[in-house]
2 protein chains.
Amino acid sequence: MSESVLRNLRPDVNAAQCPSRLILEHVTSRWGVLVLAALLDGSYRFSELRRMIGGVSEKMLAQTLQTLERDGFVHRDAKPVIPPRVDYSLTEFGREVAQQVWELARWTERSIDRVEAARTAYDEARS
Amino acid sequence: MSESVLRNLRPDVNAAQCPSRLILEHVTSRWGVLVLAALLDGSYRFSELRRMIGGVSEKMLAQTLQTLERDGFVHRDAKPVIPPRVDYSLTEFGREVAQQVWELARWTERSIDRVEAARTAYDEARS
DNA sequence: CAGTATCCGTGGTGATACTG
DNA sequence: CAGTATCACCACGGATACTG
């Protein structure tokens, strides 16, 4: 690991000096992971995403989508029809992160048992 | 993407039913990423980590290390000497996540320019 | 339908002080 | 040195109501 990268990830410095940390927070955020994962499947409407993910408030879904769109990961296609129809999809760029995040998510999935065993051992060691 | 995994990642259900989401939050947490990254280099003492990472409060470093230790990612070696000496390192298991997280961090590093360009475009489009 | 606006509670976070 | 304990803050997230 290079020193410089760790330094660049340091959250103590302000946002302008720590851009990668911010991006990381966006894509690994509570709902960011789920939105990216969902969009790996294809294009979805706002309400579809809301149903797919489940548990997201409208506010947080909108906020998450906006952040990801602004970072260039998500493409927003608003059709000028009534009632409004908006489709979200991954940009090519976004697909790269989504896959990475997805790999990480799958790794954790596979590791649940090992982690839980570790936790049990840890907890028992101090009781 | 399988539906089941997305469901398993859903944060609306409680912790017991959504274990992978919790693990993900631990390793991608604000300081978790940095601790894992730092430990990819080798073994370090508490104060060394504190200096390396920079900006962490003692409390948060301790808390992060404990969480990662409990999950089985970090090994804590407390030597019974005075003054106390504690060394932290990655477990083999922890090295796996650390590398994944590290890859993601490096990806964001490489993508800073693209993201910032996207942001500029986004911001200009609505002003 | 696809959001925005607003209010409000909670817990994550940090500063400080203290201990073995 | 390597933490723990305590307190205080405020930003994040959720619920609700409203709009184009």
Side-chain angles (χ1 to χ4, degrees), chain A residues 10-15 18 21-22 24-35 38-39 43-70 74-89 122 126, chain B residues 9-15 18 21-22 24-35 38-39 43-70 74-89 122 125-126:
Chain A
R10 281 169 55 167
D12 59 319
V13 294
N14 66 47
C18 182
R21 178 73 220 179
L22 262 188
L24 210 53
E25 279 178 0
H26 293 169
V27 301
T28 65
S29 71
R30 192 158 181 202
W31 304 109
V33 184
L34 303 183
V35 168
L39 290 179
S43 184
Y44 291 106
R45 308 180 61 176
F46 187 86
S47 52
E48 285 174 336
L49 285 172
R50 194 150 137 67
R51 245 173 295 121
M52 285 173 72
I53 293 177
V56 230
S57 62
E58 291 180 353
K59 174 185 166 185
M60 290 315 298
L61 182 55
Q63 190 173 299
T64 303
L65 285 167
Q66 276 171 20
T67 304
L68 294 177
E69 186 198 357
R70 194 171 103 98
V74 162
H75 174 66
R76 181 177 186 273
D77 182 19
K79 273 115 178 165
V81 296
I82 292 180
R85 177 190 177 99
V86 183
D87 287 290
Y88 293 94
S89 55
Y122 180 93
R126 53 200 64 203
Chain B
L9 283 171
R10 282 169 56 167
D12 58 320
V13 291
N14 66 48
C18 184
R21 179 71 221 180
L22 262 188
L24 210 53
E25 279 178 0
H26 293 169
V27 301
T28 65
S29 72
R30 191 160 184 200
W31 305 109
V33 184
L34 304 181
V35 168
L39 290 179
S43 183
Y44 291 106
R45 308 179 61 175
F46 187 86
S47 52
E48 286 174 335
L49 285 172
R50 194 150 138 67
R51 245 174 296 121
M52 286 173 72
I53 292 178
V56 230
S57 62
E58 292 181 351
K59 176 187 164 184
M60 289 316 297
L61 182 56
Q63 190 173 301
T64 303
L65 284 167
Q66 276 171 20
T67 304
L68 294 176
E69 187 198 356
R70 193 171 102 98
V74 163
H75 174 67
R76 181 177 185 273
D77 182 18
K79 273 113 178 167
V81 295
I82 293 180
R85 178 191 176 97
V86 182
D87 287 290
Y88 292 94
S89 55
Y122 180 94
R126 54 199 64 202

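So that the names make sense, note that chain A is the first sequence line, chain B the second, and so on, each numbered from 1.
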* To do: Please report, rounded to the nearest Å, how far the P atom of D:dA2 is from the OH atom of B:Tyr88.
  => 8 Å
* Asked: Within this structure, what is the CD-to-P distance between A:Glu48 and C:dA2, rounded to whole angstrom?
  -> 8 Å
* When rounded to the nearest 0.5 angstrom, what is the spacing between OG in B:Ser89 and CZ in B:Arg76? -> 12.0 Å
* Hey, does the side-chain of B:Lys59 have a donor or acceptor N/O within less than 3.5 Å of a partner on the base of C:dT13? -> yes
* For A:Gln66 and C:dG3, is the shortest distance between a side-chain N/O and OP1 or OP2 below 4.0 Å? -> no
* Would you say C:dG12 has OP1 or OP2 under 4.0 Å from some side-chain N or O of A:Arg30? -> no
* Minimum heavy-atom distance between A:Ala38 and A:Leu49, given as atom pair plus value -> CB-CD2, 3.9 Å
* Rounded to the nearest angstrom, tell me the gap between atom CD in A:Glu58 and atom C1' in C:dC7. => 16 Å
* Interatomic distance where CG belongs to B:Leu34 and C1' belongs to C:dT13 [whole Å] -> 15 Å
* To do: Starting from P on D:dG14, measure out to CD on A:Gln63 and report it in whole angstrom.
  => 10 Å
* Structure fact -> Minimal heavy-atom distance between A:Leu61 and A:Phe46, with the atoms involved, is CD2-O, 3.6 Å
* To do: Among D:dA2, D:dT4, C:dG14, find the nucleotide with the atom closest to the side chain of B:Arg76.
  => D:dA2
* To do: Counting Watson-Crick and G-U wobble pairs only, both distances under 3.5 Å, name the nucleotide matched with C:dG20, or none.
  => D:dC1
* Structure fact -> Among C:dG14, D:dC1, D:dG3, the one nearest any side-chain atom of B:Met60 is C:dG14
* Asked: Considering only C:dC1, D:dT4, D:dG13, which nucleotide approaches the side chain of A:Arg45 most closely?
  -> C:dC1
* **Interatomic distance, A:Ile82 CD1 vs D:dT19 C1' [rounded to whole Å]** => 13 Å
* Structure fact -> To the nearest 0.5 Å, atom CD1 of A:Ile53 lies from atom CD of A:Glu48 at 11.5 Å
* Taking only side-chain nitrogens and oxygens of A:Tyr44, does any of them come within less than 4.0 Å of OP1 or OP2 of C:dA2? -> no
* To do: Go through B:Val33 and A:Thr28 one step at a time and tell me if the side-chain contact (heavy atoms from CB on, under 4.5 Å) criterion holds.
  => CA-CA 11 Å; B:Val33 184; A:Thr28 65; over 6 Å; no
* To do: Rounded off to whole Å, could you give me the CG-to-P distance for the B:Asp87 and D:dA2 pair?
  => 8 Å
* To do: Check the distance between C:dA2's C1' and A:Glu69's CD and give it to me in whole angstrom.
  => 14 Å
* Verify the contact: side-chain N or O of A:Ser47 to OP1 or OP2 of C:dC1, cut-off strictly under 4.0 Å; return yes or no. => no
* Give the nucleotide from the list D:dG13, D:dG3, D:dG20 with an atom nearest to the side chain of A:Pro84. => D:dG20
